[in-house]
Each structure stands twice: as structure tokens, then as C-alpha cells.
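Report on the structure given below.
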Amino acid sequence: MDSYGFPDGNICNLLGSRYFHARHDINHSLQMHSSLIRRLSQENELEGHQGCVNTIAWNSTGSLLISGSDDTRMNIWSNNGRKLLHSIDTGHSANIFCTKFIPETSDELVVCGAGDAEVRLFNLSRLSGRGPDDNAIAPSAVYQCHTRRVKKLAVEVGNPNVVWSASEDGTLRQHDFREGASCPPAGSSPQECRNVLLDLRCGAKRSLADPPRQTLALKSCDISASRPHLLLVGGSDAFARLYDRRMLPPLTSCRKRIPPPPCVNYFCPMHLSERGRSGLHLTHVTFSPSGDEVLLSYSGEHVYLMNVNQAGGGAMRYASGDASKLMTFNPILNGLELQPPLSVVYKSSLRFKSNVTSVLEKCRKLVQIAEKCLEGGSNYYDGIEACNEVLDQHCHDIGLAIRHDCLCTRAGLLLKRKWKNDVHMAIRDCYNARRIDSSSFRALYYMSEALSQLGNYKEALEFAVAAQSVAPSNTEIAELVENLQKNLAAAETGKTNKANDGLLRSESRSGRALSLSDILYRSEANSDASQDGPTSEREDSDYDEELELDFETSISGDEGRDVEPNTLHGSLNLRIHRRGDSTRETSYANGSCGSPSSSQNDRMPYQPETVIDMKQRFVGHCNVGTDIKQASFLGQRGEYVASGSDDGRWFIWEKQTGRLIKMLLGDEAVVNCVQCHPFDCVVATSGIDNTIKIWTPTASVPSIVAGGSAGPETSNVLEAMESNQRRLSHNREVILPFELLERFRMHEFTEGTLHPLECAQS
């Protein structure tokens, strides 16, 4: 909704202010100004790879761009000429997933990590020729100590000697170039490399209340540019972890599994923390340029923004059980904070006396627009955007009454829109509205409706009865109470029937292997859809990830590479068994996973950590097809957030309000990587296509959409976003079989150059 304007103002006024105000960050403000972002269009397309481009990164000055691809080549591009300088045959035997320039080396040292579990270092000064075709070069170092795919590399600003690698084997390793040019493959030598900085093979958590037991397959990592001792990692569960490298134990080897070290902070949206949901994991984590915020991108979910520090009331923490407290009726609320304290929000409003009247009038009009959208039964998205503008952009200026009305209106709109996890956002709004007025009829009513959508009929009935006591003559709430009573009775009857059916099923299933259909049924029951609908009785079952896979295949080298390069041919037979309790006990005793081995610690109850909650959510894209999809801050001030999507588009949001301001078509299939130039208004993107797109503000007119050479311009933004939401809500039944194939392939294929399904499931 362009009529709202943008907080960075008019670019002409900003340029003029340079003559009157000595602002040192004026160039930072101009790099990614809203007027420039809304003119972004594709300027160039870099050709030089023969496979999906899985990683791109700028050097520190922005003069060079490095990329890695499924073709196992690493390309170096010139930013000024938009041309290929070098194309290096890395020698990797699987897809390259990450590349970096090593700082303070005059951009001569570059490093890459790949699906063959290797990290390779190259010195560009040793190239035999100066052109892209003269690329004969041997690696300066080869690190083979990982056992699974290397998904991300991290470097420290000002440090030319070290690179960190995050792998799906559950370890983050520190490679010091001064200590050796290579290392043997993992497990092949009694002198195994002692370079493990983080051992998280017993670090994954199914929920906040559960102790870490299983391997956390690392998907991403980042080192803060402003405070390089801070290390952020994310992987195969819902929790990002922040570590202080100064407080970690000495480097070790992987010969013995140890409990994960304590971290500084956990990050996870509250509604994702309480249930162990099948397939939910992070695909990317990153620090903001200032280091004060982190961005998390989830597979099958949205992108979330969190504060790093709790100082000043900026970061909102919660503990195990707090999510359920939101859904429990209490006549008077206290304790849990889902927003900065109201005293903090309003004490600074005195600074804006000069324009407070105009701002309040604007906010009232926006609330009226949102209420009309709710009453009219359409344009829910525009109504939510109006509420976001009031609550996120003008939270310091509005009073409690406007804030309460806006929270209730947004909750109603979210419940009508029904996008992925909108119901949980509505619950948060109702809770915050009741903190202002605990007897608010609208807050109680919408809370009841939200809990009903989740299938929590008992709790929903409690809120509905409370709302009815506030407005006993209201026919709408009377009808809701009656329906909830019927639904609750039906749920109790169904629960009894399912318990009887489960007993018969367990008797018939005893003594045989667990079938694939059993696993698919369980995964559907625990899927994301169950979070927005009635709770399945299988959610609390015992047969979780403790599964063993037996497989055999008829795939041969020739059969796997037929006419179509992206199609895997052959047959696959799977037998999935549930591990017995004795197996678990044996594995824990041997130190494979679980809590510390001492009997004293085993008797101590597990104390769940506190977690930092989200402060903003970015919706509209789709992230289910790949697990290398990035979310990035744009500009030196990080005022905008961008992410790729499975529909071939990439999205740009305003960080403070979550408002979508630009959607661009950047790939024929999937956009995975979005990297902003360090100083200029230039963005590079890549994905399933063999090319890299370069975007600059060259469009003749500003708009929210723009097309590239990959396809026509998309005019209906809302239609594209709704299509992505449908894919998010129904992804598990499609993705789960491919997840099993992925696990199979990673165990079976130890040789070969390209894996046909890597692009679709990388």
C-alpha cells in the first residue's frame, strides 16, 4: 500500500539535508533508499556456470563476486565489467554449496565447501593464465575432516588465517591455514584433526522442553562483523544458537560425542518452540550489519527477525510452557511480555509533540481502513498492512486506546486471512490487547475463535464464556458458545474412539517392521497443517525420529544419468524400523547422544533454556523446495530484508513493519541466494538457473513488481503471495518422500560428480 509512505522520506530532501546536517551515515541511508528499491530491475545476467548456482558472495570492496555451482566450478566475476574473470575447476566430487573471499588477502585467497564433505582453499595468484579459460590451479589446502555435506562457511573481518565450516555431520570446524595444508579424511587416521569448535551431534531439540539428544545437522552459520567473538548457527531444528567463541572449550576431535556446550542465547518464534514438528528446520541465519539483530529463515515457514541483546527491553524472552499460557484464560494478565513494556513505548512520545496531532490522525484513518476491510470480508492483506503501519511504525506516538483497537482488528483480519501461522499471530495480538484491557470483548472473542481454529475447544470455550459475560445480549458470541460446546463433545467422543482404534492398531502392528505409510501418517499428524487445525492424537506418540533405515537400490551409474539431467532413474526399496528401548539405552551409555553420562546428571531433571522471541515476521515467499535458501539484510544499515522463493521470485520487505515493498521475478524455478553489494544499490541473486542476475535501480518508474528476462511481469502481487501460502501449508505430504530419498542418497552415494536431485533438494 504505497499511500502509507516510507519512513526514510523523500530522497531529494535527504540529499539536500547534507548541506545542513553533518551526518556521517548519509551514504548508508542512500544505498538502499525506498525510492531506489522500488526501481530495482534486472540489469545484467552473468553466464558461465553449467549447473544450479548455489552460492554467491561479494568481496569486501564490492569489486568482485564469487559463485559456486553444481558444476563444481568456482567463478570469479568483475563487478565493473559484469564479466567472468576466472572459472576454477575445484576438484570437488559433488555440488558446491558455499564460497568466500578470505579477508585481508587482497582477494587472492578463496575457499569453497561442497557436498563431498570437503573444504578447499585456492590462491588465485597461482592461476596459470589471466582469462576465464586458463584456470589450471591446484588447491592450497584440502580439509576432509567432515563426514557430511558442508553447507556454510564463515570468515572473520580482519582475519586472513582462519575459516569456519558448518556441516550436516553436526560439527562446526575451525580451519587455520597456518597449521597445515591438508588433513586426512575423517576416521582414516589415529591423529584425527583437532579442529572441532562446536560438536552438536547431540544438540538437536524436538521442542523447548525436550533435552538435546540427536544430531543437529548444521545448515548455516555466521560471525558478527561488529563483535566477531559472536557465532550464530542454525540447523535441523527450530532453534538458532548464539555462542561466544571466547567461552567455548578448546578445539577437539570427533572421536567421542559430548554434550553440546552452553550457548549465550537461543532464538525461536514462540509458536514454533513447543511442538516437535516433522521437517521444521532453519535454512539460513545471519547477523544484521550492526550485529544487534539476527534473521532466521525456516523451511516450510516464514522469515523472522530477533534482537540479539536483552538490554533496554528490546529482546523478548520466554520459557518452556509460556506458549500454552497464552492460550489459558486468566481474568487478569501479568508476567509474560510479548512486546516492550508499555511504559517504555509511551514515555518517549513526548519527543514528538510537534507532529503528534497529524500522526494520531493518520493512525486513526489507518485503523478505520483496517476495520472496513474486516467488515467488508475482503482485502484482508491491505487491512493487516494498515495495522502493521500503526503498531510497528508509530508505536511511540499512539495511545492505549488506538493500540488496543488496532491489535483487535489485526487479530480479526489474521483469523480471516488464514495464512500460515496467522492464527498464532492473532493469539499474540489478543493477548497484548488483554494486557491493555483484560475484559475486552473483542480480544476475548477473537482469542476464542483462534483457539477454535487450532482445535483447542476447551480453552476456546473458556474465553467465549468470558466474552459472553461481558456482552450477554450478543447473539454472535452465544452462537459461538453453542458451537464450541458441540465441538468439544464431538472431540471427546472422537478421542475415545481413536484410543480404541489405536489399541487394535498397535496389537496388529506388533512384531512387524514399521511401514512407510505408517511414517507418512505420523508425519502428516505432526505436520505444519496440524498447527493450524485440530490437534492429532499422534502428536505425543513415542516413535519419533528414533528410526532406522534399511535400503537397497538398483540404481547404477548409467541408469542414474539418462537423457534428463535432473531426473533420477531406478528403484528404491525402504524398510523403516522403530528402535527398541534397549537400543536407545545402549546408544546413550556409549555416549552417542543424550545427556552427560554421569549418573548424577542423569537423575537431575532437565532445565529448559529461555529463548528470545521474534519481533517481526516477513511473509509472502515460499521456502520448502531447497534447504540453502537465504534471507539477507539489504544495505549497510540493514533497513530492508530480502529472501528468495520457490516460485522463482525474490521478495524485499521493510524491516520495521514487515511490509512487502518489492517482488521481482529472478529465476525460472527457485531463487536461493540474495546478496547485497557492500556499498552500492546493487543486488545479486541466483538459484536453479545456471546464471546470476544483477539488479540495479534502473526502472523508469517505481513499482512493487518488476519482471526480468526469466519471465513476464507479475501484476497481481496478492495472488502470488497466496499461492505461496498454499504451498507452505501443504508442503509436507509432497516433501516428505523426497526427504527420505535425500537421506538414502547421502548414505549410498559416496562417489560421482553430480547428484540429479541436488538442485531440488539441496
Do we see a donor-acceptor contact under 3.5 Å between the side chains of His49 and Asn690? no
For a quick check under 3.5 Å, do Gln174 and Trp164 share a side-chain donor-acceptor pair by atom type? yes
Please confirm whether the backbone N or O of Trp653 pairs with a side-chain atom of Arg659, one donor and one acceptor, at under 3.5 Å? no
Check Lys100 against Leu153 and note the closest heavy-atom contact, atom names and distance. CE-O, 3.4 Å
Using 0.5 Å steps for rounding, measure from the OH atom of Tyr243 to the CG atom of Asn265. 11.5 Å
Might you point out which heavy atoms bring Phe633 and Val294 nearest each other, and give the distance in Å? CZ-C, 4.3 Å
Got Val233 and Lys152 here, is their nearest side-chain heavy-atom distance under 4.5 Å? no
Tell me, do Val119 and Val111 make a side-chain contact under 4.5 Å, heavy atoms counted? yes
So does His281 get a backbone contact from the side chain of Ser299, meaning a donor-acceptor N/O pair under 3.5 Å? no
Output for pair (Lys693 NZ, Cys673 SG), nearest 0.5 Å, gives 11.5 Å
Beyond-backbone contact of Leu296 with Leu282, side-chain heavy atoms, under 4.5 angstrom: yes
Under the ring-ring contact (aromatic ring centres under 6.0 Å, His included) test, residues paired with His302 that sit two or more places apart: none
Taking salt bridge (charged side-chain N to carboxylate O under 4.0 Å, His left out) as the test, write out the residues that go with Lys219, two or more places apart. Glu168, Asp627
Run the side-chain contact (heavy atoms from CB on, under 4.5 Å) test against Asn79 and tell me which residues pass, sequence neighbours left out. Trp58, Arg82, His677
Non-hydrogen side-chain atoms of Asn623 and Ser297 separated by less than 4.5 Å: yes
In the structure I gave you, are the side-chain heavy atoms of Met306 and Asp613 within less than 4.5 Å of one another anywhere? no
Please determine, by modelled atom types, if Thr657 and Glu389 share a side-chain donor-acceptor pair under 3.5 angstrom. no
Among all residues two or more places apart in sequence or in another chain, which pass the ring-ring contact (aromatic ring centres under 6.0 Å, His included) test with Tyr304? His271, Tyr298
So, Thr283 side chain and Lys629 main chain: donor-acceptor pair closer than 3.5 Å or not? yes
Look only at the side chain of Thr286 and the backbone of Leu295, and say whether a donor-acceptor pair between them is shorter than 3.5 Å. no
Quick check: do Leu231 and Leu172 have side-chain heavy atoms less than 4.5 Å from each other? yes
When rounded to the nearest 0.5 Å, the distance separating CE of Met32 from CG of Leu40 is 6.0 Å
For Ala225, what residues pass the side-chain contact (heavy atoms from CB on, under 4.5 Å) criterion, not counting sequence neighbours? Val157
Does the Glu43 side chain pair with the main chain of Thr698, one donor and one acceptor, at a distance under 3.5 Å? no
Under 3.5 Å donor-acceptor pairs involving side-chain atoms of residues 678-688, not counting sequence neighbours:
from	atom 1	to	atom 2	distance (Å)
Thr685	OG1	Trp695	NE1	2.9
Ser686	OG	Val53	O	3.1

Hey, does the side chain of Glu104 reach the backbone of Pro160 with a donor-acceptor pair shorter than 3.5 angstrom? no
Do side-chain atoms of Asp222 reach the backbone of Leu232 as a donor and acceptor pair under 3.5 angstrom? no
Passes side-chain contact (heavy atoms from CB on, under 4.5 Å), Thr696 versus Leu36? Steps please. CA-CA 8 Å; Thr696 56; Leu36 299 178; over 6 Å; no
Before accepting this row, confirm whether a basic side-chain N of the pair Arg241/Asp237 lies closer than 4.0 Å to the acidic partner's carboxylate O. yes
Short side-chain donor-acceptor distance under 3.5 Å, Glu108 and Thr105: no
Got a sec, which residues hit side-chain contact (heavy atoms from CB on, under 4.5 Å) with Asp169, two or more places apart in sequence or on another chain? His146, Thr147, Arg148, Ser167, Thr171
Please check: side-chain N/O of Ser632 versus main-chain N/O of Val674, any donor-acceptor pairing under 3.5 Å? yes
Go through Ser703 and Lys662 one step at a time and tell me if the side-chain contact (heavy atoms from CB on, under 4.5 Å) criterion holds. CA-CA 7 Å; Ser703 69; Lys662 194 70 175 178; 3.5 Å; yes
Quick one: does Ile628's side chain get under 4.5 Å of Phe97's, heavy atoms only? yes
How many angstroms lie between CD1 in Ile692 and CG in Asp667, if you round to the nearest 0.5 Å? 11.5 Å
Could you list the residues that satisfy side-chain contact (heavy atoms from CB on, under 4.5 Å) with Cys622, not counting sequence neighbours? Val624, Ser645, Asp646, Asn724, Arg727, Leu728
Which residues share a salt bridge (charged side-chain N to carboxylate O under 4.0 Å, His left out) with Asp292, sequence neighbours left out: Arg227
I'd like to check the side-chain hydrogen bond (donor to acceptor under 3.5 Å, both in side chains) partners of Gln675; sequence neighbours left out, ordered by chain and number. Gln630
Least distance between heavy atoms, Val619 atom then Met721 atom: O-CE, 3.7 Å
Name all residues meeting the salt bridge (charged side-chain N to carboxylate O under 4.0 Å, His left out) criterion together with Lys655; count only those two or more places apart in sequence or in a different chain, and write none if there are none. Glu293
Quick one: NE2 on His621 to CZ on Arg649, what's the gap to the nearest 0.5 Å? 13.5 Å
Arg73/Asp71 salt bridge by N-O under 4.0 Å criterion: no
Minimum heavy-atom distance Arg39-Ser700, with the two atoms named: NH1-O, 2.7 Å
Is it the case that the side chain of His33 and the backbone of Ser35 share a donor-acceptor pair, with hydrogens and angles ignored and the cut-off at 3.5 Å? yes
Could you give me the CA-CA distance, side-chain angles and deciding distance for Ile384 and Asp382, then say whether side-chain contact (heavy atoms from CB on, under 4.5 Å) is met? CA-CA 5 Å; Ile384 293 170; Asp382 289 342; over 6 Å; no
Within a strict 4.5 Å, meaning less than it, do heavy atoms of the Leu242 and Val308 side chains meet? yes
CZ (Phe101) and OG1 (Thr61) are apart, to the nearest 0.5 Å, by 8.5 Å
For a quick test of reading the model, state the closest non-hydrogen atom pair linking Asp107 to Leu124 and the distance between them. O-CD1, 3.5 Å
Would you name the heavy atoms of Ala238 and Cys268 that are closest together and state the gap between them? O-SG, 3.4 Å
Run Tyr640 and Ser34 through side-chain contact (heavy atoms from CB on, under 4.5 Å) and show every step you take. CA-CA 9 Å; Tyr640 298 92; Ser34 60; 3.3 Å; yes
Taking atom types as modelled, is there a side-chain donor on Asn123 or Ser125 under 3.5 Å from an acceptor on the other? yes
Checking Asn75 side chain against Ser67 main chain: does a donor-acceptor pair fall under 3.5 Å? no
Which residues satisfy the salt bridge (charged side-chain N to carboxylate O under 4.0 Å, His left out) test with Arg417, sequence neighbours excluded? Asp422
